[in-house]
Amino acid sequence: MQRRADLDQAVFDARADYARQRPSSKRWSERARRVLPGGNTRSVLHFEPFPLRVERAEAKYLWDVDGHRYVDLLGNYTAGLLGHSPRPVLDAARAALEGGMSLGAMNENEVLLAELLVDRFPSIEQVRFTNSGTEANLMALAVATHHTGRSKIVVFHHGYHGGVLTFAVGDRDPVTVPHDWLVVDYNDVAQVTGAFGNYGHEIACVLVEPMLGSGGCIPARPEFLGALRDLCTHHGSLLVFDEVMTSRLSTGGAQRLVGTTPDLTTLGKYLGGGLSFGAFGGRRDVMAHFDGPAGGRLSHAGTFNNNVASMAAGVAALTTILTEEVLADVNARGERLRQRLNETFRARGEPMCVSGTGSLMNIHGVAGPVERYSDLAGDDDRQRELFFFDALEAGFYIARRGFIALSVEITDADVDEFVGFVADR
Ligand code: PMP
């Protein structure tokens, strides 16, 4: 009881300290609330008592309007893999914009970017671009239901596939689009096998993240993804990997690491060089539904699908920065960070742990290990909130929920400093 009261008081004090040090952010938030419901236009960025407001960013740093500098360990929820000022990408995007901002016509870079993605991802024979990962998933589901002539879609509790494809609160989130969902537990082969046993001939596809990302960075067990592959093949359903987050785990995404090839893959985030981006692609016979001249019946619209800035930035990112070595390096650094954080939490006897894969991870308010969502039962959000405010105070920006996505700008020295901060809290 005493511990509970102490934690409540500690959170109260941390919020008060945070607010006291950020009068300009507070004023902006008050102004924002008059015209933006909740004071924001991207819900995940809100936290109590009010979010900090960023004035500018460069390389690995962010500065808020109150003059604080932070090492950015959030990397815009994975879209910021390249850091804030990747020179070749900025130059390419600027040059593209100088050559005409909004063409309403085809350009060369969309072909180059498509070729680069087809080369990299084992499952992608053909690809199309969207403005976001959400749209990419919506289109993948559309083509899967059309291709199979079926309506049911298997997804997983606490899976996240975009603003209108969220299963965080079960299968009744009011903003989620009304598909014929079958929502089952992640990493649970028996449950998904049961769903196929009951509805196999009605299932159009399985949509799955190779690591439950927003749901807490819980990696898929390799046998789970293998079982999904077998079930889909056996029942004539399509397997769709949402690699919007996990594509960074190797140049061929998580699918290359685990050796399971889906029928369709969705992408987004950093692959547009840090600008708005999404893509869906896969088997040629499935993507052929968008091939009008060859008799495909699906159309895929979008004013900004091939916008010059994202296309040029994506090409530059893939050709000048995101080599096999660079990705291996950032992911190995993430592995080391996670291991050291877990050792530190354990040594301090704190009821906290961190889960994830490579450069993607989430800090939890339970001792762990966290291998299934049910392992988060008892997660104390106050621990995560305190950690968050302590991290800001120490000059590290992470997500309020404890999410971290390293960028290529983060060095071993930054990792040492962050671990040092956790050890000395
Ligand atoms: N899928 C996954 C796995 C994601 O993590 C996200 C975004 N966090 C999306 C889809 C949606 O991407 P976007 O925000 O670009 O719509």
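In listed order, ligands and their atoms are each counted from 1.
Judged as a salt bridge (Lys or Arg N to Asp or Glu O under 4.0 Å), and not counting sequence neighbours, the contacts of Glu30 are Lys26. Residues passing the salt bridge (Lys or Arg N to Asp or Glu O under 4.0 Å) test with Arg384 are Asp379, Asp381, sequence neighbours excluded. For Arg338, the salt bridge (Lys or Arg N to Asp or Glu O under 4.0 Å) partners two or more places apart in sequence, or in a different chain, are Glu335.
Between His289 and His147, the two ring planes are perpendicular [angle over 60°; tilted spans 30° to 60°]. Taking the six-membered ring where the residue is Trp, Trp181 and Phe167 present perpendicular rings, their angle passing 60° and hence far from 30°.
Contact of the Val54 side chain with the Trp63 side chain is not registered, since no non-hydrogen atoms from C-beta on lie closer than 4.5 Å.
Contacts of ligand 1 (protein heavy-atom distance under 4.0 Å) are Ser132, Gly133, Thr134, Asn137, Tyr160, His161, Gly162, Glu209, Asp242, Val244, Met245, Lys269.
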